[in-house]
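Each remark here refers to the structure printed beneath this line.
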Amino acid sequence: TLNSRLFLKFLVLASIPFSAQARVRCAPEFNSNLPILSIETFEQQKIGEDDMPGLLMVTDNGATGKLNNSLEPFAPQNIYKIQMHVRGDFSQKFEKKQYLVKLVDDQGHAQPAPLLGFDSFDEWVFSSPVQDKSLMRDPVAYNLAARMSSRWTPKTRHFELIVNCEYRGVYILVEGM
């Protein structure tokens, strides 16, 4: 029910240390038609190849027609515990990194959940189209492949990413495989 979901979100937010709550609120303020995903890794600033714990906060008012605001993460629609690391070998040299984000429970075990209207997965790719100025190549290719074949292809959706109060730009959410 809605009340139990709100209570659960309150419990998760209440478990965040006060200093971390202040950092979540320090994101630059902007409005967007795209969903806004905010990641907080607390004391660990540099995300590397090793899994790092954190929280993922999703702001997506798409169904309501209301713009998403970057300062909504302290009252988000969805909060998830995560483990994440930088993804890719060649792409690690770019300033705009790609990430593999795993949704986990309190014990660090996989906890599949739907993100941005997609099916439930426990692993999600945050793809940075750093060499694609149109931001469309991968989504169009996946969509075309899905139409041409009966095989499963991942769905994609654009979003804006904030990591530790720093705006990282437009990314593409890719369903887990």
Side-chain angles (χ1 to χ4, degrees), residues 1-48 51-87 96-128 155-176:
T1 67
L2 180 61
N3 286 339
S4 62
R5 287 183 66 204
L6 289 174
F7 180 71
L8 179 62
K9 288 177 189 175
F10 170 77
L11 288 178
V12 171
L13 281 173
S15 70
I16 301 173
F18 180 74
S19 62
Q21 288 182 28
R23 287 184 56 198
V24 169
R25 292 187 181 115
C26 71
E29 183 172 14
F30 63 92
N31 292 317
S32 177
N33 290 319
L34 296 175
I36 301 170
L37 278 62
S38 300
I39 293 176
E40 177 59 56
T41 60
F42 306 108
E43 302 306 316
Q44 302 179 38
Q45 289 292 321
K46 184 156 172 57
I47 301 166
D51 275 348
M52 173 183 294
L55 284 180
L56 171 65
M57 294 155 281
V58 178
T59 304
D60 183 15
N61 297 318
T64 66
K66 179 182 162 194
L67 287 175
N68 297 303
N69 183 283
S70 62
L71 294 184
E72 285 184 48
F74 52 91
Q77 287 116 348
N78 296 297
I79 302 172
Y80 304 94
K81 290 188 178 185
I82 61 168
Q83 294 282 332
M84 69 180 294
H85 63 266
V86 173
R87 176 182 181 270
K96 190 173 177 182
K97 308 291 187 214
Q98 296 190 61
Y99 302 107
L100 179 66
V101 176
K102 301 174 192 173
L103 306 180
V104 296
D105 61 16
D106 290 336
Q107 288 75 39
H109 300 107
Q111 183 72 42
L115 286 182
L116 304 182
F118 293 152
D119 293 334
S120 290
F121 290 96
D122 62 324
E123 288 190 359
W124 297 87
V125 174
F126 289 14
S127 178
S128 63
K155 294 182 186 106
T156 62
R157 186 160 175 203
H158 292 84
F159 68 94
E160 307 223 31
L161 181 64
I162 298 169
V163 178
N164 294 329
C165 298
E166 181 183 319
Y167 179 76
R168 297 290 174 96
V170 175
Y171 274 68
I172 300 170
L173 179 69
V174 183
E175 281 183 322

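Because only heavy atoms are used, hydrogens play no part in the values below, and waters and symmetry mates are left out as well, while side chains stay in. Along the sequence shown, the residues carry numbers beginning at 1.
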Please tell me if the side chains of N68 and F159 come closer than 4.5 Å, counting only heavy atoms from C-beta onward. no
If I take atom NZ from residue K66 and atom CG from residue N61, how far apart are they, to the nearest 0.5 angstrom? 5.0 Å
In the structure I gave you, are the side-chain heavy atoms of F126 and L56 within less than 4.5 Å of one another anywhere? yes
Y171 six-ring centre to K96 NZ/CZ under 6.0 Å and within 45° of normal: yes
Excluding sequence neighbours, so at least two apart, what forms side chain to side chain contact (heavy atoms under 4.5 Å, CB included) with N33? L67
Closest approach of Q111 and V104, non-hydrogen atoms and distance? CB-C, 3.6 Å
Rounded to the nearest 0.5 Å, what's the gap from OG on S70 to CD on E29? Could you check? 5.5 Å
Mind checking whether W124 and F118 have parallel, tilted or perpendicular rings, split at 30° and 60°? parallel
Out of the candidates D106, D105, D122, only one should pair with K81 under the salt bridge (Lys or Arg N to Asp or Glu O under 4.0 Å) rule; please name it. D106
With rounding to the nearest 0.5 angstrom, report the CG to OG distance, L173 to S127. 10.0 Å
Show the nearest heavy-atom pair for residues E40 and N164, with the distance to one decimal. OE2-OD1, 3.3 Å
Take L161 and Y99 through the test side chain to side chain contact (heavy atoms under 4.5 Å, CB included) and record every step on the way to the result. CA-CA 11 Å; L161 181 64; Y99 302 107; 4.0 Å; yes
Could you grab the distance from atom CG of N69 to atom CG of N31, nearest 0.5 Å is fine? 4.5 Å
Out of I162, I79, I36, which residue meets the side-chain contact (heavy atoms from CB on, under 4.5 Å) rule with M57? I79
Residue that, paired with R157, satisfies side-chain contact (heavy atoms from CB on, under 4.5 Å) out of I172, L116, L34, V174: L116
So CD1 of I82 and CG of L55: to nearest 0.5 Å the spacing works out to 7.5 Å
Taking atom CZ of F121 and atom CG of L115, what is their separation to the nearest 0.5 Å? 10.5 Å
Applying side-chain hydrogen bond (donor to acceptor under 3.5 Å, both in side chains), can you list everything that pairs with S32, at least two apart in sequence or on another chain? E160
Set of side chain to side chain contact (heavy atoms under 4.5 Å, CB included) partners for E123, sequence neighbours left out: L100, K102
